[in-house]
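To start, the structure under review is shown below, and the notes come after it.
Since the structure is predicted, the reported quantities are computational estimates derived from the model, not experimental observations. Side chains included, hydrogens not; waters and symmetry mates left out as well; all remaining heavy atoms used. Chain identifiers are assigned alphabetically (A, B, ...) following the order of the sequence lines, protein sequences preceding nucleic acid strands; residue numbering begins at 1 within each chain.
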Amino acid sequence: MGIPFFRGLREQLKLCFKVQNGWGIWVDVLSDAFCVFGMRILLIHADRFSFRVTGETTAALPGELDKSKSEGDVSEALVVFMAAEKGDNANVGSVADRVTEEVLTLAAQIGAENLVIYPYAHLSSSLSSPRVAVKLLDEIFTRLQSHNHLKIIRAPFGYYKAFEISCKGHPLSELAKTITPSGHADKADEAEESQAIKAEKTLESEWMIMTPEGKSAYSGPAEGFSFATRPNLQRLFRYEKSGSRISEQSPPHIDLMRRMELVDYEPGSDQGNFRWYPKGQLIKRLAETYVSNFNTRYGGMQVETPIMYDYQHPKLNLYLQRFPARQYVLLSDQKEYFLRFAACFGQYLIQHDMQISHHHLPCKLYELTHYSFRREQSGELAGLKRLRTFTMPDLHTLAKDMEQAKEEFVRQADLAIECLEGFGLDFEVAIRFVRDFAEQNKPFVQDLVSRCGRPALIELWEERSFYFVAKLEFNFIDALDKAACLSTVQIDVENPERFDITYVDESGEKQHPLLLHASISGSVDRVLYAILETQAIRMKRGQKAAFPFWLAPVQLRIIPVSEKFDKACREILSGIPYRIDYDDRDSSMGRKIREAEREWIPYILVVGAKEVAGGYLNVRTRDGAQRKMTLPELLAEIEPQMKGKPFLELPLPQDIARRPIFVG
RNA sequence: GCCAGCGUAGCUCAGCUGGUAGAGCUGCUGAUUUGUAAUCAGUCGGUCGGGGGUUCGAGUCCCUCCGCUGGCUCCA
């Protein structure tokens, strides 16, 4: 098939459908192609259609080609472009039946007697195996042949073909359909199914619990562990093992993220793409700065890479072939690009081009992926927990050998622990290993668990079915007892070779290093989810919610007893170098206190005649206590809470009377 | 994506079996100048998610699309 023809057709179709139906069929085909499994067919009623074979493809399996079938030319035909997608092999018979029915129905409606069956892989990016595709095409062909009034031309499978088409352009002349399998599997496919189940079984794993060494150390089956002191670890284990969830409520952070004017839905975008109000944006920026500081202090060299990549890039394409399900795809001129789902690609491509010697190892690249995109299924989205567009710190470390990889692994685990603690988050540890690796590295495993300082859930795989041999996860358990992974560190044994990343060793030989993937905090959006859920849990227990001081959008608020103290308040404002604001609105003090409490403001300073006369501050804190303090005393109390944490200015008007309302 | 529930003012929600929309909060205006979680009064504000249909008449019934939530699946 000639690419120019293909491009021309695509443009033409896009225009046709926009005019006729008001929506762009091609855009739809592209976006849906990554989440629906089925047979895709594109039906065109054509005045004329011709094709000729131009060469063999490498990906598919060309069969014997009869000279007479290498080209075709027909007038007044219904041309059926088809692509078999993964999933069809569940029941080839039923899919063939339904495709045949669709084709016959349309052919009758438009009165077409000539049919063209045209294998057209480009309708899908999630193709079935060529074997299944050919089988399906055979079955459809056989079924159609039984209708004697139809003349059928069949373009060969597994060849590049050029074609010309002249579409009639009437309302029924162009239709795109997806046929999904239904009914029970037929005999020939049962074997295939059970093979799939077999593959699934090798994924089965053993679950253990290992505790830090000590008096009551435990290392054994997860079922035999007493979870009495770690209820959340038990929740994680259940969640991982069974995947069952019980909840009719929506997660409390969703209400909080809106009520606190942090983040909100954006119906004007795609699902899972949120708008960030000033307070939320501030928290996000602080969190990003905080975690980036961990990465750069550790030696991560910060880079920035493109958010979109060539769909046809040979190396990236391999990756996508393996995980084809969920990308955003976009067109630029005639080329297809996918939006990155992590920083991996960009960094692999940089590392591939770098000159690296063993002197440079371990070599660490860091990026804050602002943004990463995953086209999650709509039903999988959940507030800030699961988004389609998210921000994530991504650190990639090249290591000389396994010893060095393990050494860096534990250092990164330490960073992750410190980082999550700084956010005020509790977490449960899960570590997943390929069994051989765990058995050959027992001291490493025990050391890792000890550093985490809590019992860890260990999963052991018999075989490596992903790119890593070891994966550490810190999981957060939310107010509805659901788990979400935050930090992770992984040892990748596959991608340096795939992306041809090399370093030069002591004897001048090129070697593939090992690669550590780490996200010190996990997704920044998800960190905010975890912070808000943590506060929801506190409130459920009757405690007051609070942001960690360094993250509080407003850290201090001055409330005057009356307008008369305006001047005194403004003097105090200028002497406090934190995010402080001033409630200068015309309302009662009681109301102002209430509103400040509802905003979780850590320090409320009430200023009236007594304070002005006495030269002290009256400080109300989250615990409800009121204390008389001097300014230096207050500053001395605040200072340690900011230690090692970033600071950014108040992103709102300081006078509240001048501040607009974003939500409510 | 599939199945289910939901979508009424900026926010939270009421509106029975179809008769043409209501409250509180917010906002605005005025009064009030307040001592630690809601001062009082007046007032603005609605293509009842979008489109189509049934009907003399639709927030209410039907279809369809969009969005949110839950479950399934998924989470490289």
Closest to the 5' end of RNA chain B, once A/V561 and A/R258 are matched to their nearest nucleotides, is A/R258
Salt-bridged, A/E463 to A/R435, with N to O below 4.0 Å? no
CD (A/Q543) and CD (A/Q535) are apart, to the nearest 0.5 Å, by 9.0 Å
**Prompt:** Should A/K610 be listed as having a side-chain N or O under 4.0 Å from OP1 or OP2 of B/rU36?
**Reply:** no
Any stem touching RNA chain B, meaning at least three consecutive Watson-Crick or G-U pairs under 3.5 Å, ordered by first number, would be B:1-7 with B:66-72, B:10-13 with B:22-25, B:27-31 with B:39-43, B:49-53 with B:61-65
Distance-only donor-acceptor test, A/E611 side-chain atoms vs B/rG35 base atoms, 3.5 Å = yes
Checklist entry - Do A/E599 and B/rA37 have a side chain to base donor-acceptor pair shorter than 3.5 Å? => result no
Within the sub-3.5 Å range, which N or O atoms of nucleotides 67-69 of chain B have a protein N or O partner, and how far apart are they?
unit_1 : atom_1 : unit_2 : atom_2 : d
B/rC68 : OP2    : A/Q271 : NE2    : 2.5
B/rC68 : O3'    : A/Y265 : OH     : 2.8
B/rU69 : OP1    : A/Y265 : OH     : 2.4

*For the base of B/rC75, is there a side-chain donor-acceptor partner from A/R374 under 3.5 Å away?*
no
Whole-Å distance, A/H517 NE2 to B/rA76 C1', equals 10 Å
Practice problem: Answer with base, sugar-phosphate or nothing: what part of the nucleic acid does A/A484 contact at a heavy-atom distance below 4.0 Å? | Solution: nothing
Checklist entry - Any side-chain N or O of A/R591 less than 4.0 Å from the OP1 or OP2 oxygen of B/rU26? => result yes
With a 4.0 Å cut-off on N to O distance, would you call A/E261 and A/R259 a salt bridge? no
| said: Within the 3.5 Å criterion, strictly below it, is a donor on A/Y239 or A/N475 matched to an acceptor on the partner's side chain? | reply: no
So, with a heavy-atom separation below 4.0 Å from RNA chain B, the residues of residues 618-625 of chain A are A/N618, A/R620
Does a side-chain N or O of A/R259 approach OP1 or OP2 of B/rC11 to a distance below 4.0 Å, or not? no
Does a side-chain N-to-carboxylate-O contact under 4.0 Å join A/E597 and A/K592? no
>> Between A/S588 and B/rU39, is there a contact of a side-chain N or O with OP1 or OP2 at under 4.0 Å?
In response: yes
Open item on the list: Looking at B/rC75, I'd like to know if its phosphate oxygens (OP1 or OP2) sit under 4.0 Å from a side-chain N or O belonging to A/K385.
Closed with: no
* When you check the side-chain N and O atoms of A/R340 and A/T305, is any donor under 3.5 Å from an acceptor? -> yes
- [ ] Check every strand shown and say whether A/G608 touches a base, only sugar-phosphate, or nothing at a heavy-atom separation below 4.0 Å.
- [x] base
Looking only at heavy atoms, the pair that brings A/Q271 and A/Y328 closest together is O-OH, 4.1 Å
